[in-house]
Number of protein chains: 2
Amino acid sequence: MKGIRRLAQHLDISIGTVSRALNGRPDVNEETRRRVLEAAERLGYVANQSGRSLRQGTTNIIGFMMQTGTEITGQGDTFFMSVFDGVQAVFARHKLDLVALLCSSEEDPTDYLRRVVARGFADGLILSATRRHDPRIEFLAERNIPFVTLGRSLTDAGRPWLDLDFEGMAQIAIDRLVARGHRRIAVTRPHDDANLGYVFVDRCREALAAHGLPLEEELIFRSTPNETGGYQIARELLALKDRPTAALLVNETIAIGFYQGLSEAGVRPGRDIAVIGRYSPHAHFLSPPLTCFRLSLRDLGIALAETLLSTMPAFRDHYPQALVNAVWPMELVEGESDGFLVNGDESRG
Amino acid sequence: MKGIRRLAQHLDISIGTVSRALNGRPDVNEETRRRVLEAAERLGYVANQSGRSLRQGTTNIIGFMMQTGTEITGQGDTFFMSVFDGVQAVFARHKLDLVALLCSSEEDPTDYLRRVVARGFADGLILSATRRHDPRIEFLAERNIPFVTLGRSLTDAGRPWLDLDFEGMAQIAIDRLVARGHRRIAVTRPHDDANLGYVFVDRCREALAAHGLPLEEELIFRSTPNETGGYQIARELLALKDRPTAALLVNETIAIGFYQGLSEAGVRPGRDIAVIGRYSPHAHFLSPPLTCFRLSLRDLGIALAETLLSTMPAFRDHYPQALVNAVWPMELVEGESDGFLVNGDESRG
DNA sequence: TCGGCCACCGTAAACGTTTACGGAACTATG
DNA sequence: CATAGTTCCGTAAACGTTTACGGTGGCCGA
């Protein structure tokens with residue numbers, strides 16, 4: 001005898017009553033409930049998930065979909081762990097568990113999602129590494145499966161998403177660099193699938209235009225969002241005839257490679273070139289410390305969770321005013337990598 | 001009408017036959033099977049996971065348990081993503097899915113595991129961040145739940161585990177440094193819960209003893225396994241009256257902080273002090289490039305998967321000679337951070 | 001005393017699969 | 001033709017839970 005039957009037999013009451021007692025139903029005597037809870041605790045009973053979800057069509061599990069292999073996201077070591085932490089802080093209140101759905105780099109993400117959803121694996125989903133055109137969004141929307149994406153795409157109109165405020169970052173950084181005399185500013189962007197690149201570069205262009213400056217094509221650098229990519233960008237940048245005096249790095253992990261690329265050519269950030277990047281745990285330990293944009297990833301995780309739950313009928317009431325579409329602001333952390341003024345129009349030969 | 005019933009109705013055959021056809025049972029006409037598979041594909045049918053696992057008591061899911069928040073493991077996303085990649089390469093052959101079971105930093109890992117297991121969540125488990133005394137091992141062993149741990153502990157006798165070869169790393173590094181004339185070598189270790197610290201430091205001590213050298217207590221540095229920890233170690237190390245001439249860093253992410261701590265005091269790795277660490281994607285981009293120990297995390301993931309499956313009756317036959325207890329060798333990647341000889345016994349004042 | 005209401009509990013039917021079992025049709029064998 | 005064996009398929013019982021429904025007993029008011 002196993003499961004709830006064992007518990008019921010042990011207490012000499014029916015399994016229906018046991019279930020009602022455990023699930024907090026009102027129509028059960030408080031004394032009985034106490035006995036049930038006590039026995040469940042003592043016997044280590046936990047309801048079987050398959051039986052429960054088969055019956056009620058719900059899993060109490062939320063999936064955070066991500067892809068394995070590190071080349072794709074390029075987000076730093078601690079990025080997801082911090083986001084998870086925030087998500088769980090919210091989920092814990094509702095007895096929801098969070099699992100990371102790991103899509104192999106071999107498999108098409110949409111196929112994977114299809115499989116996961118059809119199996120009835122999770123009640124809701126958080127999608128990361130959103131592509132510019134992402135079929136997953138349409139797929140989930142068609143089936144009325146609760147989800148929220150971390151990252152905008154072109155096809156998410158009316159769908160819940162949160163994103164980092166890359167436009168704000170572009171605006172602030174460009175204004176700051178221009179105010180310090182920079183006229184030729186290099187910007188980076190990841191591969192073409194990532195919407196972030198378009199959003200970021202477009203705003204950089206606008207911000208420069210507001211100062212009457214162009215964004216020349218040769219100053220837009222494309223790379224893999226990892227250390228090696230940063231190194232390559234530095235090499236390409238230094239090879240230009242008319243070198244930029246500043247660089248704005250949109251990815252987290254590329255700064256360290258970028259620094260190294262500069263260093264090998266004897267170019268020092270903060271003295272020979274201004275560098276602004278994204279925060280990561282090592283940003284402060286670079287030489288010189290990186291001026292960068294930081295945000296609370298834990299808070300972002302909390303917001304993601306609240307946004308998702310606000311789209312789910314069972315939890316909607318708890319989060320009436322959750323954000324549905326929002327960019328998450330980043331604050332500028334002053335390092336020493338952008339601390340010099342350009343005197344005049346031509347700064348280098 | 002949903003699920004397998006819909007499919008059966010559509011084909012005008014019984015659900016039993018449909019199920020048998022889909023599951024590759026022999027007692028079904030090949031023509032029928034073809035029709036079923038074709039219809040399933042066209043209607044997008046996928047068996048409901050709850051129903052299936054309720055009936056057969058199996059989930060086709062393997063959980064990789066890890067804790068959110070980064071303070072504990074000190075291993076970055078890139079570490080686990082690479083391991084996942086290897087694990088999935090094996091699981092894909094058996095139609096197994098991998099999910100990351102994310103234990104909140106708020107919750108006790110053993111409590112979490114208890115919940116997950118009792119719910120019948122996964123057929124098998126991979127445990128990471130194993131503690132020196134880890135109750136999870138006993139818990140799983142008692143219940144005959146297939147598992148393998150990544151990392152040894154004191155209480156895993158007879159249980160399957162894989163680990164990095166920290167002893168080999170200690171031996172090679174110490175021998176190398178001693179051969180280059182170093183007599184005072186600093187070593188690092190993480191917090192007291194991690195078994196790795198004991199394994200590593202003990203072997204360092206033995207290796208030194210083989211050369212007739214002591215490992216002085218003041219040369220054993222304890223820190224959090226992150227960038228800040230590395231920085232603090234550098235500060236403490238430089239504050240010693242009798243400075244070591246070499247440092248051996250056992251964690252991945254601390255090198256960058258360590259470098260910065262040295263740099264602020266004008267001490268340069270590879271010239272003023274020899275530094276040997278662990279590989280990470282940025283090791284090559286430090287100045288000077290870090291001499292470090294590297295391994296293929298993907299291969300480690302493959303081995304983890306094979307080890308786990310070899311303990312599961314359903315897959316045992318496929319992996320007769322899988323490793324059960326093994327340390328995973330690391331290779332030395334020569335950088336420039338340990339490239340100098342100490343001439344004489346006293347190297348610094 | 002009787003009917004009605006309430007608090008509590010037992011019964012049994014679902015949820016979607018898999019699979020043991022038996023039976024129907026057909027083939028082979030004597 | 002009878003029998004045995006084979007191939008295929010339908011039936012129905014599980015798996016463990018939740019929950020609609022109905023029933024029992026007690027209490028209260030008329």
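A note on names: the letters A, B, ... follow the listed sequences, proteins ahead of strands, and every chain is numbered from 1. Below, each value reflects all heavy atoms present in this structure, side chains not excepted, and no hydrogens, waters or symmetry copies.
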Can you check the [X] [atom1] to [N] [atom2] distance for me, whole Å?
X: B:Ile13; N: D:dG10; atom1: CD1; atom2: C1'; answer: 11 Å
X: A:Asp27; N: D:dT24; atom1: CG; atom2: C1'; answer: 15 Å
X: A:Arg25; N: C:dA7; atom1: CZ; atom2: P; answer: 17 Å
X: B:Glu31; N: D:dT7; atom1: CD; atom2: P; answer: 18 Å
X: A:Asp12; N: C:dG10; atom1: CG; atom2: C1'; answer: 12 Å
X: A:Arg6; N: D:dT17; atom1: CZ; atom2: C1'; answer: 17 Å

Polar pairs (N or O, both sides) under 3.5 Å between protein and nucleotides 14-16 of chain D?
residue : atom : partner : partner atom : Å
D:dA14  : N3   : B:Arg55 : NH1          : 3.1
D:dC15  : O2   : B:Arg55 : N            : 3.2
D:dG16  : OP1  : A:Lys2  : NZ           : 3.2
D:dG16  : N2   : A:Gly51 : O            : 3.1

query = Which heavy atom in B:Arg35 sits nearest to a heavy atom in B:Leu11, and how many Å separate them?
reply =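 Taking B:Arg35 first and B:Leu11 second, the nearest heavy atoms are NH2-O, 3.3 Å.
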inquiry  = Categorize B:Arg20 for me: base, sugar-phosphate, or nothing, with a 4.0 angstrom heavy-atom threshold over every strand shown.
reply    =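 Answer is base: heavy atoms of B:Arg20 come under 4.0 Å of a base.
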ask   = With a non-hydrogen cut-off below 4.0 angstrom, is A:Thr32 in contact with a base, only sugar-phosphate, or nothing?
value =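 Since only primed, P, OP1 and OP2 atoms lie under 4.0 Å of A:Thr32, the category is sugar-phosphate.
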Any chance the side chains of [X] and [Y] put a donor and an acceptor closer than 3.5 Å?
X: B:Ser310; Y: B:Thr307; result: no
X: B:Asp85; Y: A:Ser105; result: yes
X: B:Asp123; Y: B:Thr58; result: yes

ask   = Under a 4.5 Å cut-off applied to non-hydrogen side-chain atoms, are A:Trp161 and A:Leu304 in contact?
value =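 Contact flag for A:Trp161/A:Leu304 side chains = no.
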task = Report yes if at least one side-chain N or O of A:Asn29 is closer than 4.0 Å to OP1 or OP2 of C:dC9; otherwise report no.
result =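 So the side-chain polar atoms of A:Asn29 never come under 4.0 Å of the phosphate oxygens OP1 or OP2 of C:dC9.
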inquiry  = Let's see if you can work this out: which of C:dT18, C:dT19, C:dG10 has an atom nearest to the side-chain heavy atoms of A:Thr17?
reply    =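 The listed nucleotide nearest to A:Thr17's side chain is C:dG10.
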inquiry  = Quick check on DNA chain D: between B:Val18 and A:Ile15, whose nearest nucleotide comes earlier from the 5' end?
reply    =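 By nearest-heavy-atom nucleotide position, the 5'-most residue is B:Val18.
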inquiry  = Suppose we screen for side-chain hydrogen bond (donor to acceptor under 3.5 Å, both in side chains). Which residues come up paired with A:Arg132, at least two apart in sequence or across chains?
reply    =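 Expected list: A:Asn195.
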task = Go through the steps to decide whether A:Leu96 and A:Phe315 satisfy the test side-chain contact (heavy atoms from CB on, under 4.5 Å), and finish with yes or no.
result = CA-CA 11 Å; A:Leu96 289 169; A:Phe315 305 101; 3.9 Å; yes
